[in-house]
Amino acid sequence: MDNKELARLLFPDVTLTMEDMEARYPARALPEGACVTRIGPSPTGFVHLGNLYNAIIAERIAHQSGGVFFLRIEDTDNKREVEGAVDIIINAMGYFGVRFDEGAVSDGDKGDYGPYRQRQRREIYHVYAKHLVEIGLAYPCFMTAEELDEIRAKQEANKETTGIYGPYAEASRSLTLEQIRENLRQGKPWVLRYRGTVTDERFTVDDAIRGPQNNVRNYEDFVLLKSDGIPTYHMAHVIDDHLMRSTHIIRGEEWLPSLPKHVELFRAFGWPLPIYCHTATLQKMEGASKRKLSKRKDPELALAYYQQEGICQNAVWEFLLTLLNSNYEEWRLANPGVSYLDFPFSLSKMSGSGALVDLEKLNDVSKSVISAMPADEVYRCLLDWCNVYNQPFAGLLTRYRERALLALNVGKNSAKPRKDLVNWKQACDFLRFYFDETFQVEDELPPEIDETTRRTFVARYLESYDHGDDPAVWFDKVKALTAELGFAVKPKDYKKNPELYKGSIVHTTNLLRIALTGRANAPDIWEVSHVLGEEVVRSRLEKLL
Ligand code: GLU
């Protein structure tokens with residue numbers, strides 16, 4: 001077989017060479033040790049937590065080393081493509097503060113190593129496909145779906161490894177140039193296959209997360225180009241990551257079984273291997289056992305879930321960093337108040353298994369993160385979220401900006417700051433009582449206080465209320481009034497001798513708390529009153545008269 005002739009026959013339009021490609025995409029001018037990483041999501045419309053998990057690793061590895069982090073859209077499977085999906089990816093990553101140096105942007109590309117959408121790189125892949133044909137490592141295969149099914153059925157019946165390799169590739173491999181020419185003339189669809197070697201030879205690749213991976217060399221005649229001329233993931237990955245000069249391939253462990261194909265191709269082209277980093281699949285607990293997160297069963301697999309719930313960006317990072325690096329929590333305790341970006345992230349501290357997504361843990365992390373954030377930052381993040389997901393509340397936050405800022409500061413200055421806010425969605429609900437527009441009395445007034453006593457208490461409270469009182473003076477007045485109306489100032493006195501009192505200060509302060517916030521469980525009454533302002537305080541209490 002004249003391979004050069006076959007290559008010309010299959011790729012008549014390809015005039016560029018591998019050297020031309022090397023010249024177009026030269027080695028990057030980066031300092032020694034700088035890493036080049038990427039994420040390569042498919043535009044399916046569904047961005048999952050694993051995408052962010054891998055993105056954080058890739059972003060850290062690149063930016064910590066002064067390297068480059070880019071976004072490549074892996075759209076070779078057009079059956080799965082959804083309109084607007086590229087924007088969904090960019091927007092989801094943007095929400096979580098993942099910034100790319102180059103790659104696909106909403107309306108095109110940014111950077112010198114593009115195009116960054118694989119379908120636009122067709123002519124590039126064809127240069128390499130042609131080369132593999134020329135050197136006898138690739139050939140066209142005209143087998144129909146029925147023929148492939150037959151082979152598979154036979155292999156399954158004989159309990160053989162399925163796929164196209166060795167004897168099963170023979171018929172296609174041995175077509176003559178004339179037969180191929182005739183098939184092409186008849187317009188028969190074909191795919192380009194790699195010519196694998198059936199062998200026991202093994203190779204080892206050092207995975208930066210999992211350590212040495214020993215495998216049998218690829219034996220399969222796997223597909224390089226599909227019948228529409230678009231490459232498979234295997235072909236596209238190898239060519240793109242070589243030309244885009246990726247130094248580290250951070251991707252899910254589901255790609256481990258394909259590693260022999262990729263190593264085979266890198267070797268066929270004579271290129272150095274990048275460093276592979278296969279990450280663990282995200283899991284969750286179900287009862288006492290772990291299972292993979294499922295798209296169907298677990299809303300928390302979708303990144304959109306975290307956006308819709310308004311999980312704070314920093315919380316998601318902190319949470320994922322605790323999953324990613326075993327020493328993160330310890331580092332955080334030793335370095336409170338600094339950015340998570342100061343953490344020295346390392347691939348060697350990653351584990352090849354057990355990335356357990358626990359939403360309760362995420363909520364705990366989130367509460368701490370929000371509680372440690374200054375009020376103006378909380379305000380900004382909350383408003384950003386509300387602008388997209390809760391516009392009426394965004395309106396209130398904007399109209400009552402000063403009040404909202406004060407509200408977000410409540411409890412922040414105490415020794416143990418309150419952790420009332422879990423996420424932005426819950427925050428809207430929690431903060432509702434600060435605005436008359438959304439205020440509601442949700443809890444029942446304390447039944448220990450009968451109606452007459454309640455009216456007297458509230459009337460007397462309002463009479464003596466001075467908005468300028470400091471917390472101590474204010475509380476002395478509350479205590480005096482409590483005692484005067486026959487309630488115990490010390491809850492334990494009431495407990496000891498309930499017959500001597502109508503109730504205790506717990507009940508009188510609860511009355512005030514519910515009247516002012518609608519809830520028995522709310523922040524400090526004096527602080528809340530000073531956020532609401534005297535007018536609102538008086539009007540809410542007057543409703544109880
Ligand atoms: N498109 C692949 C995926 O979504 C990317 C794998 C890679 O990063 O190489 O799984």
Side-chain angles (χ1 to χ4, degrees), residues 308-312 314-315 363 366-414 416-446 458 461-462 465-471 474-475 477-478 508-545:
Q308 282 152 12
E309 293 297 301
I311 315 278
C312 162
N314 297 4
N363 284 345
S366 188
K367 280 188 208 169
S368 303
V369 164
I370 298 177
S371 129
M373 270 159 77
D376 57 346
E377 196 183 332
V378 177
Y379 177 83
R380 191 174 45 73
C381 296
L382 176 62
L383 183 58
D384 280 351
W385 184 83
C386 288
N387 276 328
V388 180
Y389 295 97
N390 188 346
Q391 278 147 13
F393 208 72
L396 292 176
L397 290 173
T398 313
R399 187 162 352 133
Y400 302 106
R401 184 170 180 277
E402 286 313 310
R403 193 192 298 178
L405 280 167
L406 288 175
L408 293 170
N409 209 34
V410 166
K412 276 223 186 290
N413 301 322
S414 62
K416 240 180 122 212
R418 292 183 64 90
K419 294 186 177 178
D420 292 318
L421 306 186
V422 187
N423 57 51
W424 307 136
K425 190 180 193 177
Q426 174 268 352
C428 295
D429 193 54
F430 180 83
L431 296 168
R432 247 182 7 205
F433 66 84
Y434 285 110
F435 312 104
D436 280 344
E437 288 82 344
T438 44
F439 168 73
Q440 261 177 351
V441 178
E442 294 162 32
D443 287 341
E444 206 195 328
L445 295 173
V458 172
Y461 179 82
L462 284 172
Y465 186 75
D466 182 342
H467 201 65
D469 286 345
D470 66 23
W474 168 82
F475 197 43
K477 284 185 180 172
V478 173
T508 53
T509 50
N510 257 354
L511 173 64
L512 290 174
R513 193 173 286 111
I514 295 170
L516 291 172
T517 70
R519 299 170 188 156
N521 191 358
D524 179 80
I525 301 167
W526 185 90
E527 277 203 72
V528 167
S529 302
H530 285 79
V531 174
L532 294 174
E534 179 163 8
E535 206 180 308
V536 176
V537 168
R538 287 190 179 278
S539 90
R540 287 191 187 175
L541 287 167
E542 275 158 11
K543 294 212 176 75
L544 296 190
L545 291 176

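Since this is a predicted model, take the numbers as computed values, not measurements.
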Atom pair [atom1]/[atom2] of [X] and [Y] - distance to nearest 0.5 Å:
X: Lys419; Y: Asn363; atom1: NZ; atom2: CG; answer: 12.5 Å
X: Leu396; Y: Arg403; atom1: CG; atom2: CZ; answer: 9.5 Å
X: Gln426; Y: Ile311; atom1: CD; atom2: CD1; answer: 10.0 Å
X: Thr517; Y: Asp443; atom1: OG1; atom2: CG; answer: 8.0 Å
X: Glu534; Y: Ser529; atom1: CD; atom2: OG; answer: 10.0 Å
X: Leu462; Y: Leu545; atom1: CG; atom2: CG; answer: 6.0 Å

Least distance between heavy atoms, [X] atom then [Y] atom:
X: Asn409; Y: Ala375; result: OD1-CB, 3.8 Å
X: Pro523; Y: Asp420; result: CG-OD2, 4.0 Å
X: Phe439; Y: Ile514; result: CZ-O, 4.5 Å
X: Ala407; Y: Val531; result: N-CG1, 3.7 Å
X: Val422; Y: Ile370; result: O-CD1, 3.7 Å
X: Cys381; Y: Met373; result: SG-CE, 3.8 Å

Flag side-chain contact, heavy atom, 4.5 Å: [X] against [Y]:
X: Leu431; Y: Leu382; result: yes
X: Thr508; Y: Tyr461; result: no
X: Leu421; Y: Leu408; result: yes

If you draw a 6.0 Å radius around CG in Asp429, do more than 12 non-hydrogen atoms from other residues or ligands fall strictly inside?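 Counting other residues, nucleotides and ligands, CG of Asp429 exceeds 12 neighbours.
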Q | Chi angles and distances behind the side-chain contact (heavy atoms from CB on, under 4.5 Å) call for Leu383, Trp424 | A | CA-CA 9 Å; Leu383 183 58; Trp424 307 136; over 6 Å; no
- Task: Please collect all salt bridge (charged side-chain N to carboxylate O under 4.0 Å, His left out) contacts where either partner lies in residues 371-399, sequence neighbours excluded, each pair once.
- Result: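 Counting only pairs at least two positions apart or across chains, the salt bridge (charged side-chain N to carboxylate O under 4.0 Å, His left out) contacts touching residues 371-399 are Arg399-Glu437.
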Exercise for review: Sorted by first residue and then second, give each salt bridge (charged side-chain N to carboxylate O under 4.0 Å, His left out) pair with at least one member in residues 516-526; sequence neighbours left out.
Suggested key: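 Residue pairs passing salt bridge (charged side-chain N to carboxylate O under 4.0 Å, His left out), neighbours aside: Glu442-Arg519.
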Can a donor-acceptor pair be found, under 3.5 Å and without considering hydrogens, that links the side chain of Arg540 to the backbone of Ala515?
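It does not hold such a pair.
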Counting N and O atoms only, with roles assigned by atom type, does the side chain of Tyr379 sit under 3.5 Å from a partner on the main chain of Glu402, one being a donor and the other an acceptor?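 Between the backbone of Glu402 and the side chain of Tyr379 there is no qualifying donor-acceptor contact (under 3.5 Å).
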Checklist entry - Do Tyr400 and Tyr434 have ring centres separated by under 6.0 Å? => result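 Aromatic pair excluded; centres sit 6.0 Å or further apart.
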Note to self: Let's go through Val441 and Lys543 carefully: what are the C-alpha distance in whole Å and the side-chain angles of both, what is the deciding distance for side-chain contact (heavy atoms from CB on, under 4.5 Å) to 0.1 Å, and is it a yes or a no?
What the structure shows: CA-CA 11 Å; Val441 178; Lys543 294 212 176 75; over 6 Å; no
Parallel, tilted or perpendicular, as decided by the 30° and 60° cut-offs, for the rings of Tyr389 and Trp385
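It falls in the parallel class, under 30°.
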Which class fits the ring pair Phe435 and Phe393: parallel under 30°, tilted 30 to 60°, perpendicular over 60°?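 Taking Phe393 first and then Phe435, their aromatic rings stand perpendicular (interplane angle over 60°).
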Between Arg538 and Tyr465, is NZ or CZ placed under 6.0 angstrom from the six-membered ring centre and within 45° of the ring axis?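 Negative - Arg538 is either too far from the ring of Tyr465 or too far off its axis.
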